[in-house]
Amino acid sequence: MNYWLMKSEPDEYSIDDLRTAPNQTEMWHGIRNYQARNFIRDDLRIGDLIFYYHSSCKVPGVVGIAEVTSEAFPDPTQFNPESPFYDPKSTTETPRWMSIDIRFVEKFEDVIPLTLIKSKPHLANMYLVSKGSRLSVQPVTAEEWQAVLMLKR
DNA sequence: GCCAACGTTGGC
DNA sequence: GCCAACGTTGGC
């Protein structure tokens, strides 16, 4: 089993939105970055666990855990001209972008702030805190997973 | 709102 | 294939 971190702007889709969604499950759509797409398509597996990360908000940080509940499938929003994620260059024969279903697992009592993660020397190699880190889907090692969980209050 | 860092696009 | 221009991300 592998560990991941996924970013979401809470104004767009927060962990509470996931928690209160039907079946506590959401189709994770709108990824339009090739590296993130490759992770979704090639590496995410059912049962993998995800740190749910809130970005572009007052206290950016890890707010909970989700779980992968499907294999990758073509992101339907890429075919919808009405969607902000519409990609006219993508076809159903050769879809460019992939989605995956994720399910709510846990919401932490308190956010684990990015600033706290950054302050820990043993987490200095996490992709999240590396310079210019922008990937919205990124791998987390088992060691990092445990170390971040240790920061829960 | 600023801006550094990074990704993508497209002319050549 | 290079690289300038542009767009996006996301912390601050």
Side-chain angles (χ1 to χ4, degrees), chain A residues 2-21 26-44 48-68 72-102 104-141 143-153:
Chain A
N2 290 312
Y3 298 102
W4 306 92
L5 182 146
M6 287 193 190
K7 296 179 185 174
S8 183
E9 299 187 18
D11 289 346
E12 298 292 328
Y13 199 85
S14 72
I15 189 149
D16 285 320
D17 293 324
L18 181 63
R19 181 174 52 81
T20 56
E26 173 71 5
M27 178 183 76
W28 205 248
H29 64 276
I31 299 291
R32 294 295 180 270
N33 170 283
Y34 287 105
Q35 215 176 334
R37 188 279 311 271
N38 291 347
F39 282 134
I40 288 176
R41 187 189 58 192
D42 305 331
D43 298 314
L44 268 71
D48 283 0
L49 293 178
I50 302 158
F51 276 144
Y52 201 102
Y53 180 91
H54 280 175
S55 66
S56 295
C57 55
K58 195 165 181 184
V59 184
V62 179
V63 293
I65 296 174
E67 173 186 13
V68 178
F73 54 89
D75 180 344
T77 63
Q78 70 195 307
F79 307 124
N80 178 6
E82 306 298 316
S83 169
F85 302 113
Y86 178 60
D87 184 346
K89 293 179 184 168
S90 190
T91 65
T92 47
E93 288 75 24
T94 55
R96 186 179 288 193
W97 307 111
M98 303 299 278
S99 283
I100 207 154
D101 287 338
I102 69 168
F104 175 85
V105 172
E106 175 185 354
K107 179 185 177 184
F108 300 153
E109 283 190 42
D110 300 284
V111 57
I112 301 173
L114 175 63
T115 51
L116 180 63
I117 296 173
K118 275 185 170 171
S119 73
K120 301 298 179 186
H122 62 287
L123 285 171
N125 288 329
M126 243 186 119
Y127 176 79
L128 180 69
V129 301
S130 69
K131 191 175 169 185
S133 148
R134 296 198 312 178
L135 268 182
S136 59
V137 178
Q138 51 185 264
V140 173
T141 69
E143 291 75 17
E144 290 163 352
W145 181 270
Q146 293 302 329
V148 170
L149 284 182
M150 291 295 287
L151 301 178
K152 278 170 66 178
R153 198 152 62 90

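Naming: A, B, ... by sequence-line order, numbering from 1 per chain. Note: hydrogens, waters and symmetry copies are ignored here, and every other heavy atom, side chains too, is used.
Proximity of A/Tyr53 to the phosphate of C/dG11: a side-chain N or O atom is located under 4.0 Å from OP1 or OP2. Not one side-chain nitrogen or oxygen of A/Lys131 sits closer than 4.0 Å to the OP1 or OP2 atom of B/dA4. A/Lys58 has no side-chain polar atom (N or O) that falls below the 4.0 Å cut-off from OP1 or OP2 of C/dG10.
The CG atom of A/Asp87 sits 9 Å away from the P atom of B/dT9 (whole-angstrom rounding). As a whole-Å value, the separation of A/Leu135 CG from C/dT9 P is 12 Å. One atom, CH2 of A/Trp97, and another, P of B/dT8, lie 7 Å apart when rounded to the nearest Å. The separation between A/Ile31 atom CD1 and C/dT9 atom C1' is 12 Å, rounded to whole Å. C/dG11 atom C1' lies 16 Å from atom CE of A/Met126, rounded to whole Å. Distance, A/Asp11 CG to C/dT9 P: 14 Å, rounded to whole Å. Rounding to whole angstrom units, CZ of residue A/Arg32 and P of B/dT8 are separated by 13 Å. One interatomic measurement links the two molecules: CZ of A/Arg37 to P of B/dT8, which rounds to 10 Å at whole-angstrom precision.
No donor-acceptor distance shorter than 3.5 angstrom exists from the side chain of A/Gln78 to the backbone of A/Ser90, with no hydrogens or angles considered.
In this structure, CG on A/Asp75 lies 10.0 Å from CG on A/Asn80, to the nearest 0.5 angstrom.
Nearest nucleotide to the A/Arg134 side chain, out of C/dG11, C/dT9, B/dG10: C/dT9. With C/dG11, C/dG10, B/dT8 as the choices, the nucleotide that has an atom nearest any side-chain atom of A/Tyr34 turns out to be B/dT8.
Using modelled atom types, one finds no donor on one side chain facing an acceptor on the other under 3.5 Å when comparing A/Arg134 with A/Ser55.
In this structure the side chain of A/Leu44 reaches within 4.5 angstrom of the side chain of A/Met6, judged on heavy atoms.
Within 6.0 Å of the CG atom in A/Asp110, the count of heavy atoms belonging to other residues, nucleotides or ligands exceeds 12.
Between A/Asn33 and A/Lys89, the residue whose closest nucleotide on DNA chain B is further toward the 5' end is A/Asn33.
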